[in-house]
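Order of the sequence lines fixes the chain letters, A, B, ..., with proteins taken first and strands second; residue numbering starts at 1 for each chain.
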Amino acid sequence: MLVQSKLLRLRRIHRLLPSTFSSLRRCHSDSPSPSRKEHELTVTQVVEHLQNPPNDWDYDKLRPFLFEASHHLLPVTLRLNSIPKALDFINYLRSRTEHHQALSCVFEGALELATQHPNSQKELLILHSYRKSNGDNIALTSRSAFLLLKCLGEAQMVDDSLLLFKELDSSSKSSGICNELLKGLFKSGCIDDALHVIDEMLERDSDFPPDDFTGEVVFGVLGKQERHGRSFADDEIVGLVTKLCEHGVFPDAFKLTQMITKMCRHRKNGVAWELLHVVMRLGGAVVVKAASCNAMLSGLGRERDTQRMNKLMAEMEEMGIKPSVVTFGILVNHLCKARRIDEALEVFDKLRGKGEGNDRFDVEPDVVLFNTLIDGLCKVGREEHGLSLLEKMKTTKQSRPNAITYNCLIDGFCKAGNIGKARRLYSQMIEEGVQPSVVTLNTLVNGLCKHGKVHDAVEFFNEMKGKGLQGNAGTYTALISAFCGVNNIDKAMQYFDEMLSSGCSPDAIVYYSLINGLSIAGRMDDASVVVSRLKRAGYGLDVRCYNVLISGFCKKKKLERVYEMLNEMEETGVKSDIVTYNTLVSYLGKIGDFATASKMMKRMIKEGLEPSVVTYGAIIHAYCLKENVDEAMKIFEEMCSKSKVPPNTVIYNILIDALCKNGNVERAVSLMDDMKIKGVRPNTTTYNAIFKGVRDKKMLQKAFELMDRMIEDACSPDYITMEILTEWLDAVGEIEKLKCFVDGYPVSSSASSPFSKCML
DNA sequence: ATAGGGTTAG
C-alpha cells in the first residue's frame, strides 16, 4: 500500500518534470539502471535518513548513492521538498571528497525546488550566488543551466549569463538553453552578444539549431519597440530573418505583421519591403497572410508609394494571398488621400461579388470602408455624394452609420460653410440613437468658431457639458484659438484655466495655440510664461511653436530673445525650417539689414532649404520699403527667370502697391497684365492697390476698365475698395458707374457683407 | 484601414 502510493507520487513528479529525467540520463548514462522497485525503495530510505540533522547522517549508508547511483539523488532532493535541506546536503557533499556528479544532481534538484517556490526568482538567484561564491565549482547539468539562464535573463544579469554560457561545453548546450540566454540578452539590449549566440546556433551541423522558440524570441524583439541599448541595423534585420527562414523558422502572421508595422512606423519601408519579400519567397502564402501585406500597404500608402502598392497587390494575387476588407480599406484610403476619389469609388464598386464581371471581389464593405469614402468625398467638397452613402449605409445590416460617419459629414458641411446642415446632421444622429463622441463636439465647435460663430460654439459646448460630455484638449484648443483670433485674449486665458481646473489633461497643442495667440497679440511676456508652464508640464517646443515665438519677438524688436530662441533650438535639436528662415529674412529686411538677410539666405541654402516665394517676397518687400523699387523689380525678374519659384499673388501685390506709391502706375498696370498671362489670380488687395494708384493719377478710364476686370475675376470689393471708389467717383460725378459695378456682383444676403456697410 | 485641435511673408 505504502509503496504503491509513493510510486504514484514519483510518477507525478515524472509528469511534472519531464526534462528532469532526460538530464538525469545525460548526467549518468553509464550507471546500470536498477529495477524501478529497487530504486524506489532506496530513494525512500535515503530521503527518510536525510530527515535527521546533518550531524547524524551516516556517510557509509549514503556512500553507494553518492557514486555509482548518484542519478538517484535528483528524485531524492526533490522529495526533501526543502531548499535549506537541499543546501545542507550540498554542503555535506562539498565537505567530503570528490562528489562532482552527486553535487550536480543535488544542485539541479535544489534549483527545481526553487522554481516551485512562490518567490522562485529570488530563490533561484540565491542558489546562483551560492554556487558563484563557492569556488569549488558545481558542474551544471543542462537543466540547471537552463533554469539559471532563465532567471539570470529575467534579472538582466548579462555578465553572469554570458559567463555561465561560456562554462558549458557544446554537448550540454541545447536550443532551449540558447533561447533563454537570447531572451535575457535581448531584454538587456545586448544585441551584439545575442547576434553572436545566434551565429553559433546557425553554424553548420549545430547541435542546438534555432527552433520555433528562437523564432518567437527573435521575431518578438524585432517587432517590439526597442528599449535600450543599440538598435538593429537595417541589414542585420533582413539578414537575421533570412537566415532563420532558411532554417525553416518562420515568424507567425502576427509577428511578421508586427515587424513590418514597426519598420514602416520608423520610416523604413525599404527594410519592411525586403523582410516581407524574404518571408514570401521562403514561406509563401502559408506564412504570409493578408494582415502582413496590409501593414506593408499602409506603410507604402503613408509614403505615397503607389507603384509598390500596385506591385504588392499583383504579387498577392499571384501567390494566392486573399485580400481582406482591410486591404481594400487601405487602397481606398490611399486613393482618397491622393484626391483620386473617383478611382476610390471604382474600387468600392468592384467589391461585392454579386454583379457580373470577373474583376469583382467577394468582399463585403464594412463601416470603416464606408467612412473612409465618405471622408474622402467630404474632403474634396462632395458632401452631397457622401450623404447618399450615408443613406446607403442605413439600408445595410452590417454597416450601420456610426459616430465617425456623422463626424466626417458634419466636418464636411462645416468646411463647406453649411453650418445649418451640419447642425441638422447632428440632430439626425441623435435621433438615430448614435452617441456623439468628443470628436463630434470638437468638429462642431471648431466649425462654428471658424465661421465666426464663437458664441454659438460656446453655447453648444455648454449644452454638451450639460449632457455630461466633457471637452478634451481639442475642444479647448478650438475655443482658445477662436478667442485669440478675435483678439479676446482674456477669454482665451479663461478657457485655458477652465481646462486645467476641469481635470482635462492639456497636451502640447493647447499650449501651442495659446502661445500662438499671445504672440500674435504681441503679448510676449505672457507667451513666455505659457512656454515655461508647457515645459514644466513635460512638453517641448516644436519648430512651428518656435517660429511663432520668433515672429512675435521680431515684431517687438527683441532681437536678443530671437537669438535666445535660435540657440535653444540648436541645443534641443529642433531644426529650423523654411518658415524660421523666412521669418528672420523678413525681419532683417524690414530693419534694412540686407547684409545679414543675405547671410541668412546663404545659410538656409547651405542647410538644404530652397528659398520659397515667401523668402523672395520678404526681400522684395524690404526693397520696396526702402523705396528701392528698381532693385525689388530686379529680384522679382531674377526669381521668375533663374529660380523655379513661380510668383504668387502676394508678390505681385507688394510690387503693384510699391509701384503705385512711387507714381509708376503704368508699370503696375503692366504687372497686372503679366499676372493674367502667368495665370496668377489678383485678389481684393491687388485691386485696392491699383485703384489707389489710378486714382492718384486721375486715370478714370483705366479705373472703369479695372472695375470690369474685377467683376470678371469674381473678386469681391471690401470696404477699402468702396471707400476709394465712392469718394473719387462721387467727386467726379460718376456714381452711376459705381452702382453698375456693385450690381455686377450676385446679391449677398450676409449682414456682414461689405456692401451693406456702404449701401445702407 | 476611418473622424477633431496650433506655424511664416503681404
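Using a 4.0 Å heavy-atom criterion, one finds that A:Asp657 contacts no nucleic acid atom at all. Across all strands shown, A:Ala473 has heavy atoms under 4.0 Å from base atoms, whether or not it also approaches the sugar-phosphate. At the heavy-atom level, A:Ile330 lies under 4.0 Å from the strands shown only through sugar-phosphate atoms. A:Asn446 comes within contact range of the sugar-phosphate backbone alone, with a heavy-atom separation under 4.0 Å but no base atom that close. Within the nucleic acid shown, A:Thr477 comes within 4.0 Å of at least one base atom, counting heavy atoms only. The residue A:Asp542 sits close to a base: some heavy atom pair falls under 4.0 Å. Within the nucleic acid shown, A:Asn653 has no heavy atom closer than 4.0 Å to any nucleic acid atom. No engagement by A:Ser612 is indicated, since no non-hydrogen atom pair under 4.0 Å with the nucleic acid exists. Contacts of A:Asn402 with the nucleic acid, taken as non-hydrogen atoms under 4.0 Å apart, are absent.
Residues meeting the side chain to side chain donor-acceptor pair (under 3.5 Å) test with A:Lys692, sequence neighbours left out: none. Residues passing the salt bridge (charged side-chain N to carboxylate O under 4.0 Å, His left out) test with A:Arg667 are A:Glu637, sequence neighbours excluded. The side chain to side chain donor-acceptor pair (under 3.5 Å) test applied to A:Tyr652 returns A:Asp674, not counting sequence neighbours. Listed by chain and number, the residues in a salt bridge (charged side-chain N to carboxylate O under 4.0 Å, His left out) with A:Asp366 amount to none (sequence neighbours excluded).
Close approach of DNA chain B to chain A, defined as any atom under 4.0 Å from a non-hydrogen atom of the protein, starts and stops at B:dA1 to B:dG10.
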Can you give me every donor-acceptor pair (side chain of residues 551-558 of chain A, partner residue at least two apart or in another chain, under 3.5 Å) with its distance?
none

Compile the donor-acceptor pairs under 3.5 Å between side chains in residues 479-496 of chain A and protein atoms, sequence neighbours left out, one pair per line.
unit_1, atom_1, unit_2, atom_2, d
A:Ser481, OG, A:Thr477, O, 2.8
A:Asn488, OD1, A:Lys491, N, 3.2

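Near DNA chain B, defined here as any heavy-atom distance below 4.0 Å, the residues from residues 584-593 of chain A are A:Ser586, A:Lys590, listed numerically.
Note on A:Asp342 versus A:Arg382: salt bridge recorded, some NZ/NE/NH1/NH2 to OD/OE distance being below 4.0 Å.
Within the structure, no pair that satisfies the ring pair (Phe, Tyr, Trp, His ring centres under 6.0 Å) test touches residues 528-549 of chain A, not counting sequence neighbours.
In summary, the aromatic rings of A:Phe348 and A:Phe328 are positioned with their centroids too far apart to meet the 6.0 Å limit.
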